[in-house]
Amino acid sequence: MINSIRGFNDILPPETSIWQQVEKEARGIFAAYGFSEIRVPIVEKTGLFSRSIGETTDIVEKEMYTFADRHGESITLRPEGTAPVVRAYIEHKIYGNDPVAKFYYLGPMFRYERPQKGRFRQFHQIGAEVFGIDDPAVDAETLEMLVSLFQRLGLEGVSLQINSLGCKECRPLYKEKLLNFLQDKKSQLCQDCQRRYEINPLRTLDCKSPGCVEITSHAPSILDAVCGGCKNHFEKVKEYLALSHVNFSLNPKMVRGLDYYIRTTFEITALGLGSQNAVAAGGRYDGLVKDLGGPDVPGFGFAIGMERLAMLLQDNGQWRVDSGQSPVFIVILGDKAEASAFGLIKNLRQNGVRLERDYGNKSIKAQMKRADKLGAKFVLILGDNELASNSVAIKNMESGEQEKVSLDRVGEKLKTLIGVSL
RNA sequence: GUGGGCGUAGCUCAGCGGUUAGAGCAUCGGACUGUGGCUCCGAGGGUCGGGGGUUCAAAUCCCCUCGUCCACCCCA
């Protein structure tokens, strides 16, 4: 037998109904904020990702699904959504239509990592991107939209943490400061952080090892080190968030894994996700559009981890797994009834009745059992007795009451019983 | 890539050297021949993840391998 590839999971009902509802809410809210859906390919030329995400990031160095196509060109299954959207933005010269463009997308992403709780090789994101405005109001408003979506979904126990990573001018200066601070403490850092010290010193800030946490707690804060422009931008973001009644906390030690982020970055974390506790994250990426060959257009965006979100919604219980109307079941007894049932069944279904049936001439008992199992509130019974009087029996499964209704009035009767509009 | 836990029926698991591998739930049937839920009775369903080894005897012990889960790295 052939099973699925490691880290590539099937999403089965009834869980798919959670996904559908999340997607529906997201589309609704994003539309209200002026975002339109964009659909981009799931495979791109490899260079798009290595240039945008950063050559030396873990994603590019060891997590990409990269293949040579039949002409030998290196192509990659997208590990994230921002780069393809930026590519499309530039390719179609969308900046020419309007100084502002807002897009959202949803779909699978791929990273070759070891699967664990909340982490898969194929996972799904819902993301949004705003191009063209570097005003801090965009940062705040987009965050507010995201928080609103989570509220609408009834998500509890999540917290928003924000930070500023400075810009291309001031971040290198902070990096120097941090390196100076760490220099004489390097030997006390954990193995990983000694490596981080060389590769990406900012990463030492969010190390989980107690020793490193202690050391970096005395490190200079990036929020004190950023330049005037960045500081001002960040102050405004915080101010606007407060005006929007969005709760947040500052986390000057939060670092992002993608090189293109500058200034505002954030993460929404939740309890109950295990070690991978971020359910959404993002930030500002002025400069990325230009780096990828477009005009110097600023950007801001985020991505939500669908699997993680679905996990949280499932765990906090009050999620109604199946919001659909309960089905009506039709019990068919005998070949003659079967023959005359086809027309009735088609008619009812086309009028919006969610109608289930059994196949293969099963006993009435077996059919009733299945009707009960499926949660049918009403059962139609069609057998020789009913055919003789050109009627069908309708049984109320809660009260056990049963009555005969003539065939041409079944639809009408069901309408009054279950409120289907016919 | 590294470390640890776990792989026995569709699902959750028991059995941990000794008859023919079990239970609960689920499925199917019967008691109740055209009426569900409750109860009772019965049936089907297993290469005990795979391969090799030790032994008179392996689901059980050893080795290898695959899968899965959790954690690290890193990230949504």
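Note that this is a predicted model, so its numbers are computed, not measured. Chain letters run A, B, ... following the sequence lines, proteins first and then strands; every chain starts at 1.
Here the side chain of Ser244(A) pairs no donor or acceptor atom with the backbone of Val246(A) at under 3.5 angstrom.
Remark: the separation of the P atoms in rG30(B) and rG67(B) is 45 Å, to the nearest Å. Atom name C1', nucleotides rU27(B) and rG46(B): the rounded distance is 16 Å, in whole Å. Spacing of C1' atoms, rG7(B) relative to rU65(B), comes out at 13 Å, to the nearest Å. Annotation: rA58(B) and rG53(B) have their P atoms spaced 12 Å apart (nearest Å). rC61(B) sits 8 Å from rU54(B) when the C1' atoms are compared, rounded to a whole Å. When the C1' atom is used for both rU8(B) and rC70(B), the distance is 22 Å, rounded to whole Å. The same atom, C1', is picked in rU47(B) and in rC41(B); the two are 32 Å apart, to the nearest Å.
Classification of Lys373(A) and Glu356(A) as a salt-bridged pair fails, no side-chain N sitting under 4.0 Å from a carboxylate O. A salt bridge is defined here as a Lys NZ or Arg NE, NH1 or NH2 lying under 4.0 Å from an Asp or Glu carboxylate O, and Glu267(A) with Arg256(A) meets this definition. Between Arg195(A) and Asp192(A) there is a salt bridge, with a side-chain nitrogen of the basic residue lying less than 4.0 Å from a carboxylate oxygen of the acidic one.
Aromatic ring centroids of Tyr89(A) and Phe131(A) lie under 6.0 Å apart.
Side-chain atoms of Ala278(A) lie closest to rA76(B) of the nucleotides rA76(B), rC28(B), rU35(B). Residue Leu333(A) places its side chain closer to rG34(B) than to any other of rU68(B), rC73(B), rG34(B). Nearest to the side chain of Asp372(A), among rG37(B), rA76(B), rG67(B), sits rG37(B). Among rU68(B), rU35(B), rA76(B), the nucleotide with an atom closest to any side-chain atom of Ile381(A) is rU35(B).
Shown here, rU33(B) forms no base pair; nothing in the strands shown gives a Watson-Crick or G-U wobble contact with both key distances under 3.5 Å. The partner of rC16(B), taking Watson-Crick or G-U wobble pairs whose two distances both stay under 3.5 Å, does not exist in any strand shown. In this structure, rC28(B) and rG42(B) make a Watson-Crick or G-U wobble pair, each of the two defining distances being under 3.5 angstrom. Across all strands shown, nothing is found opposite rA59(B) as a Watson-Crick or G-U wobble partner with both distances under 3.5 Å. Across all strands shown, rA9(B) has no partner, as no Watson-Crick or G-U wobble contact with both distances under 3.5 Å is found. Nucleotide rA71(B) is matched to rU2(B) when pairs are restricted to Watson-Crick or G-U wobble geometry with both distances under 3.5 angstrom. Across all strands shown, nothing is found opposite rA76(B) as a Watson-Crick or G-U wobble partner with both distances under 3.5 Å.
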Without placing hydrogens or testing angles, list every side-chain donor-acceptor pair under 3.5 Å for residues 272-285 of chain A, not counting sequence neighbours.
| residue | atom | partner | partner atom | Å |
| --- | --- | --- | --- | --- |
| Gln276(A) | OE1 | Arg119(A) | NH2 | 3.3 |
| Arg284(A) | NE | Asp139(A) | OD1 | 3.1 |
| Arg284(A) | NE | Asp139(A) | OD2 | 3.1 |
| Arg284(A) | NH1 | Ile133(A) | O | 3.2 |
| Arg284(A) | NH1 | Asp286(A) | OD1 | 2.7 |
| Arg284(A) | NH2 | Ile133(A) | O | 3.3 |
| Arg284(A) | NH2 | Asp139(A) | OD1 | 2.6 |
| Tyr285(A) | OH | Glu129(A) | OE1 | 2.5 |

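Contact annotation: Lys208(A) side-chain N/O to rC72(B) OP1/OP2 distance is under 4.0 Å. At rC73(B), none of the side-chain N or O atoms of Arg195(A) fall inside 4.0 Å of OP1 or OP2 (strictly under the cut-off). Considering only side-chain N and O atoms, Lys365(A) lies under 4.0 angstrom from the phosphate OP1 or OP2 of rG36(B). Here Gln402(A) does not reach the OP1 or OP2 of rU35(B): none of its side-chain N or O atoms lies under 4.0 Å away. In this structure, Gln276(A) does not reach the rC75(B) phosphate: none of its side-chain N or O atoms is under 4.0 Å from OP1 or OP2. Proximity of Ser275(A) to the phosphate of rC70(B): no side-chain N or O atom is located under 4.0 Å from OP1 or OP2.
Rounded to whole Å, atom P of rC28(B) lies 16 Å from atom CG of Asn361(A). Whole-Å rounding puts the Arg119(A) CZ to rC70(B) C1' distance at 12 Å. Here the P atom of nucleotide rA76(B) and the OH atom of Tyr104(A) are 22 Å apart, to the nearest Å. With rounding to whole Å, Phe120(A) atom CZ is found 11 Å from rC69(B) atom C1'. Asp384(A) places its CG atom 15 Å from the C1' atom of rU35(B), with the value rounded to the nearest Å. Atom CD1 in Ile5(A) sits roughly 17 Å away from atom P in rC66(B) (whole-Å rounding). Lys362(A) has its NZ atom 18 Å from the C1' atom of rU33(B), to the nearest Å. Atom P of nucleotide rC73(B) and atom CD of Gln116(A) are separated by 10 Å, given to the nearest angstrom.
Positionally, the nearest nucleotide of RNA chain B for Asp192(A) lies more toward the 5' end than for the other of Gly282(A) and Asp192(A).
Within the nucleic acid shown, Arg256(A) comes within 4.0 Å of sugar-phosphate atoms alone, with no base atom in reach, counting heavy atoms only. Note on Glu267(A): nothing from the nucleic acid sits closer than 4.0 angstrom, heavy atoms only. Contact annotation for Lys373(A): backbone-only contact, meaning every heavy-atom pair under 4.0 Å involves sugar-phosphate atoms and none involves a base. If you check every strand for non-hydrogen atoms under 4.0 Å, Glu386(A) touches a base. Within 4.0 Å (heavy atoms only), Leu309(A) reaches no atom of the nucleic acid at all. Contact annotation for Gly127(A): no contact, since no heavy-atom pair falls under 4.0 Å across all strands. Residue Ala371(A) is out of contact with every strand shown, counting any heavy-atom pair closer than 4.0 Å.
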For this session: With side chain to side chain contact (heavy atoms under 4.5 Å, CB included) as the test, would you mind laying out the steps for Glu141(A) and Tyr240(A) before giving the verdict?
Result: CA-CA 8 Å; Glu141(A) 190 177 278; Tyr240(A) 294 152; over 6 Å; no

For this session: Would you check, one step at a time, whether the test salt bridge (Lys or Arg N to Asp or Glu O under 4.0 Å) holds for Arg357(A) with Glu338(A)?
Result: CA-CA 11 Å; Arg357(A) 57 162 294 182; Glu338(A) 169 96 42; 2.8 Å; yes

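A 4.5 Å side-chain heavy-atom check between Tyr112(A) and Arg121(A) finds at least one atom pair inside the cut-off.
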Could you pull out the protein-nucleic contacts involving nucleotides 3-8 of chain B (nitrogen or oxygen on both sides, under 3.5 Å)?
| residue | atom | partner | partner atom | Å |
| --- | --- | --- | --- | --- |
| rG3(B) | O6 | Arg114(A) | NH2 | 3.4 |

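The base of rU35(B) is paired with the side chain of Lys395(A) by a donor and an acceptor separated by under 3.5 Å. In the interface, the side chain of Gln367(A) is not paired with the base of rU35(B) through any donor and acceptor atom under 3.5 Å apart. Residue-to-nucleotide contacts include a donor-acceptor pair under 3.5 Å from the side chain of Asn385(A) to the base of rG34(B).
The nearest pair of heavy atoms linking Ile53(A) to Thr57(A) is O-CG2, 3.2 Å.
Atom CZ of residue Arg111(A) and atom CE of residue Met64(A) lie 11.0 Å apart, to the nearest 0.5 angstrom.
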